[in-house]
Engineer: 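One structure follows; several queries about it will come next.
Chain letters run A, B, ... following the sequence lines, proteins first, then strands; residues in each count from 1. Bear in mind the structure is a predicted one, so any value in this text is a computation, not a measurement.
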Amino acid sequence: MDTSMEQDQVPFLSSSSHGIDMIEGEMSSSSNRTNQNGLSTLDEPVIDTIKRDLGAVFRKFGYAVIPRHSSTLLQQWDLWGPLILVTTLAILLQSSATKSSTGVQFAEVFTLMLIGSIAVTVNSQLLGGKISFFQSVCVLGYCLLPLLLSAFINNILLYIPTKSTIPILHIIRFLIVMTAFAWTMYASVRFLGQTQHPNRRMLVLYPIFLFYFLIAWLIILHAHPK
Amino acid sequence: MFSSDGFLSDKFSNKGPGQTHIFTSFPNSAVDPDDDSSLDNKSNNDQLYGYNPSNTEQLPLPATVNNTKNEQLNIWQIEYYQKYFQIDTQQILERLVASITPRPNKSYFNSTIRQNPDLYGPFWVCITFIVTVAIGGNILTYFRTPDTEFQIDFSKITLSALLICFYWWLMPTCIYFFFRWHLQRIEYIFIELLCIYGYSLTIFIPVSILWMIPITWLQWLLTILSSLISGSVLIVAFWPTVNSDPKRFNAISMLIILFAHLVMAISIMLVFFHISDTNMNEKKESIMISSTKSKV
C-alpha cells in the first residue's frame, strides 16, 4: 500500500504537525474470493459454484471416512453433508406399512438426530471445549457416513428371504452395523477428541458414543414390512 | 509490550547491536492442539482447552476460581451453566460408584457432592437410562413378534424420556419444598437435590439391560433389589438432616422416598419390559396356527 507518508520515519504516536495526508492505494481483502479470471464468485457460472461446493463436500466425506489429520473439516465447516446424510438415513429407516405414517417416522428420526447432535455439542461446550457449535454439528454429521453405508447394506440384506429359525442373517447384520459404529466412533474421536482437556476427554466422548449407539440400534432393529 | 494474557511479550536479548524479539506467549489459536511436544507447556494447554480444574487434592473451590470475568451472566448464556460442569472424569466415576454402594456411616453426599454439585452426571445418567430402556423395550418386542410385523416403536423413546425426566425433576422439587415449609430451613440447594436423584438412577442402567431377560420372577427380583439399593443411598444422604429434627415425620418421609423410588422402578418395568401371560398365550397360538397352515 503506497501512501504519501513514506517520508515519515517517525512512529505514529509522535508524528509531526503536518496535517492529515491523503492515503491512497489499493486494498484487496482476502474475503472477496476471486478465481483466476478475476471475476468475483457472484459472477461465475452456477455450474462452477456447484462443482466447487460439491467438491468440498466430497472431500470432507473422504476425510470423515478415512480419518486423516486435517483441519479442513473443522475450519471450513458446512452443513450440506450432514443434511444429506441425515435425510438419507431417515428415508432408509422408514418401515411403515401404511403410507400415511411414513412422514411421521421420517420426522421422528430426523428430530432425534437433530436433538442428539445439539445435545452433544452443548455438552462439549459446557465442559469447556474450544469448538464452536456448527463445527461440532458438522463433524458429527459427516462422521455418520459409515453408519449410512451399513444402513444401505442392511436394507439390501433384508430382501434375502430367510428361515426365521436360523438367525445367521441377524448376526451378520448386527456385525456389519457394529463395525460401522466402531468406524464412526473412531473417526469422530479423531476429530472431536482433540478439542478437550485430557482430564475431561471421556466426559465429552461418552455422549457421542451414546448418540451413535442409539442410531446404530435404530438401524439394526429396522425391518421391512412384507 | 502488549498484555501478558495472550499476545506478544518481548524479551530483549543482548546479543549483538540489534534487538532480538523473542515471543514467549502465543495467542491461544496459534497453538496446535495435536502438537505433542507442548506437553511441558501445561498451563498453556489448560488455557487452550478452557479447562478449569476442580481441585482434587483439597476441597474443591467455589466457582470464583474459573477464569471468566465476574460479569452478570443471565440464563441465556452458556457460561452461566458452565459452573455446574466443573468436573473431571475421575470425580464422575467416583460419584457413580458411590451412588450404588450404600454405606450407612458415611454419606457420600457430604464428601463429594456438597462442595461441587454438577449437572453432567445426573443429566447423562438419565439420558443413558432413557436410551437403554427404549432400546431394551424395542429389543424385547423384536424377539417376541414375528419378523413381518415388527416396527420400531419410537413412542417408547419419548415415553421413557418423559417418565424418567419427570421423576428426576419431581422428587427433588417435592423434597425441596418439604424441607422449606416443614423444616423451615434450606439444607440442600435445588441443584444438590437434582444431583442426588440423578446419581441414584445409576444402578438402573445395568438393571434395565438385565430386564431384557424374559423371566418374570427375575424381573421382579431385579426391580425390588435395585430400588432398595438406590433407595437406601437416598436415605443415607437425607438421614442426617431429617434425624436432627425432633418432629415425628422422619421415618414416614424416608419411607415415602423409598416407596416413590419403588413405584418408579416397577412402573418402568411394567410398561416397557413386562411379559404378561396373555402375550405368551397369544404367541403360542399364532405359532400353532401358522404351523397348521403350513401343513395344509
Engineer: Quick check on Phe190(B): does its CZ atom have over 12 non-hydrogen neighbours (other residues, nucleotides or ligands) under 6.0 Å away?
Structural biologist: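 Above 12, so yes.
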Engineer: CG/Leu214(A) to OG1/Thr132(B) distance, rounded to the nearest 0.5 angstrom?
Structural biologist: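 The OG1 atom of Thr132(B) is 10.5 Å from CG of Leu214(A), to the nearest 0.5 Å.
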Engineer: At what distance, to the nearest 0.5 angstrom, does CD1 of Ile127(B) lie from CG of Asn123(A)?
Structural biologist: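 Reported to 0.5 Å precision, the distance equals 10.0 Å.
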Engineer: Could you check whether any side-chain heavy atom of Thr89(B) comes within less than 4.5 Å of a side-chain heavy atom of Arg201(A), counting everything from C-beta outward?
Structural biologist: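 Side chain of Thr89(B) against side chain of Arg201(A), heavy atoms only: no contact under 4.5 Å found.
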Engineer: Is any side-chain heavy atom of Val131(B) less than 4.5 Å from a side-chain heavy atom of Trp217(A)?
Structural biologist: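 When only atoms from C-beta onward are counted, Trp217(A) and Val131(B) do not touch, as no gap falls below 4.5 Å.
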Engineer: At a heavy-atom distance under 4.5 Å, which candidate from Asn138(B), Ile157(B), Thr128(B) has the highest pair count against chain A?
Structural biologist: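 Among Asn138(B), Ile157(B), Thr128(B), the one with the most close pairs to chain A is Thr128(B).
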Engineer: From Ile92(B) CD1 over to Arg200(A) CZ, what is the distance, rounded to the nearest 0.5 angstrom?
Structural biologist: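 So the CD1 of Ile92(B) and the CZ of Arg200(A) are separated by 9.5 Å.
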Engineer: Side chain from CB out, backbone as N, CA, C, O: work out which of these in Ile131(A) comes under 4.5 Å of a heavy atom of chain B, or both, or neither.
Structural biologist: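 Nothing of Ile131(A), per the 4.5 Å heavy-atom cut-off to chain B.
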Engineer: At a 4.5 Å cut-off on heavy atoms, which part of Gln125(A) comes close to chain B: side chain, backbone, both, or neither?
Structural biologist: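 For Gln125(A), the contact with chain B is made by backbone and side chain together.
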Engineer: Using heavy-atom distances under 4.5 Å, tell me whether Leu221(A) contacts chain B through its side chain, its backbone, both, or neither.
Structural biologist: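 Contact with chain B is through both the backbone and side chain of Leu221(A).
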Engineer: What distance separates Tyr120(B) OH from Tyr206(A) OH, expressed to the nearest 0.5 Å?
Structural biologist: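 If I round to the nearest 0.5 Å, the distance is 8.0 Å.
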Engineer: Tell me, do Trp124(B) and Leu203(A) make a side-chain contact under 4.5 Å, heavy atoms counted?
Structural biologist: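 No, too far: nothing below the 4.5 Å cut-off.
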